[in-house]
Amino acid sequence: MLRIGLTGGIGSGKSTVAGLLAARGARVVDADRIAREVVAPGTPGLAAVVEAFGPSVLTADGALDRPALAAVVFADPAARARLDGIVHPLVRARAAEQVAAAPPDAVVVQDVPLLVETGQAASYDLVLVVEADLDTRVRRLEQRGLTEADARARIAAQATDEQRRAVADVVLDNSGTPEQLAEQVDRFWAERVAPAAG
Ligand code: ADP
């Protein structure tokens with residue numbers, strides 16, 4: 001098994017790269033998706049969140065009210081740490097289950113937005129970082145429905161390009177076209193994945 005940790009700032013193109021790697025045959029373990037699954041209605045994760053923050057973080061039909069929860073933890077680092085203390089271990093456990101279920105010859109790509117922030121680089125055979133310049137990321141996030149101010153605030157709250165580069169084995173530049181990104185993914189696969197995966 002070859003384990004690749006894929007990271008990059010919000011709007012850099014991680015999901016796009018994950019899709020390109022999946023098309024090449026990689027198994028993608030998506031931390032964002034798992035983070036939603038572990039607090040889905042009826043889960044112990046959601047019960048723990050409600051126990052910590054009260055029923056005001058639920059919608060009328062009993063699902064997690066993400067904007068309400070975001071409002072609670074946004075300005076309160078202690079509340080944020082409490083939430084992370086509930087969700088992160090659940091995400092790690094579920095991700096580990098998915099990795100363990102992959103066949104021995106699999107190429108497993110873990111899309112981990114906060115890989116650098118949470119100090120997980122050493123868990124992977126290769127750390128793949130996607131970058132795009134700041135204004136490009138803001139523009140793409142605006143196209144995805146965020147306001148410019150929100151996009152810039154989210155980017156500023158994350159690790160810097162320099163911090164991500166410091167742990168990267170390979171950096172992909174996604175400031176250009178989707179075709180240019182796909183070429184870089186093809187090169188990464190040919191030069192780093194195929195030889196290592198045998
Ligand atoms: P992340 O997962 O890092 O937040 P995404 O892969 O979702 O980033 O990309 C952010 C947005 O930019 C998406 O809407 C995606 O379709 C778009 N996008 C990604 N790469 C490119 C590119 N090279 N050119 C134009 N749009 C892109």
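Just so you know, ligand 1 is whichever comes first in the structure, and atom 1 is the first atom listed for that ligand. Computed from heavy atoms alone, side chains included, the values below leave out hydrogens, waters and symmetry copies. Note that the coordinates shown come from a computational prediction; the quantities given were computed from them, not determined experimentally.
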If we only consider heavy atoms of Gly8, is any one of them less than 4.0 Å away from an atom in ligand 1? no
Does the residue Gly176 have a heavy-atom contact with ligand 1, meaning some pair of atoms that are separated by less than 4.0 Å? yes
Relative to [atom], which among [options] owns the nearest non-hydrogen atom?
atom	options	result
atom 19 (C) of ligand 1	Thr16, Ile10, Leu181	Thr16
atom 7 (O) of ligand 1	Arg137, Arg144, Arg139, Lys14	Arg144
atom 24 (N) of ligand 1	Arg154, Glu142, Gln143, Arg140	Arg140

May I ask you to check whether Thr147 and Asp150 show a side-chain donor-acceptor distance below 3.5 Å? no
Could you check if a side-chain atom of [X] sits within less than 4.5 angstrom of a side-chain atom of [Y], using non-hydrogen atoms only?
X	Y	result
Thr16	Pro178	no
Arg94	Leu90	no
Arg140	Asn174	yes

Report, in ascending order of atom number, the atoms of ligand 1 lying under 4.0 Å from any heavy atom of Gly9. 3 (O)
Using 4.0 Å as the upper bound for N to carboxylate O, is an ion pair formed by Asp135 and Arg139? no
In the protein, what heavy atom is nearest to [atom], and what distance, to one decimal place, separates them?
atom	result
atom 4 (O) of ligand 1	Gly11 N, 2.9 Å
atom 2 (O) of ligand 1	Ser15 OG, 2.7 Å
atom 20 (N) of ligand 1	Asn174 ND2, 3.0 Å

Are Ile86 and Leu58 co-members of a hydrophobic cluster defined by side-chain heavy atoms under 4.5 Å apart? yes
Treating Ile, Leu, Val, Met, Phe, Trp and Tyr as nodes and any side-chain heavy-atom pair under 4.5 angstrom as an edge, say whether Ile4 and Val130 lie in one connected cluster. yes
So, regarding Gly13 and ligand 1 (criterion: nitrogen or oxygen to nitrogen or oxygen, under 3.5 Å), is there a contact or not? yes
Any idea which part of Thr177 is under 4.0 Å from ligand 1, heavy-atom wise: side chain, backbone, both or neither? backbone
Hits for side chain to side chain contact (heavy atoms under 4.5 Å, CB included) against Ala95, two or more places apart or cross-chain, chain-then-number order -> Val29, Ile34, Gln110
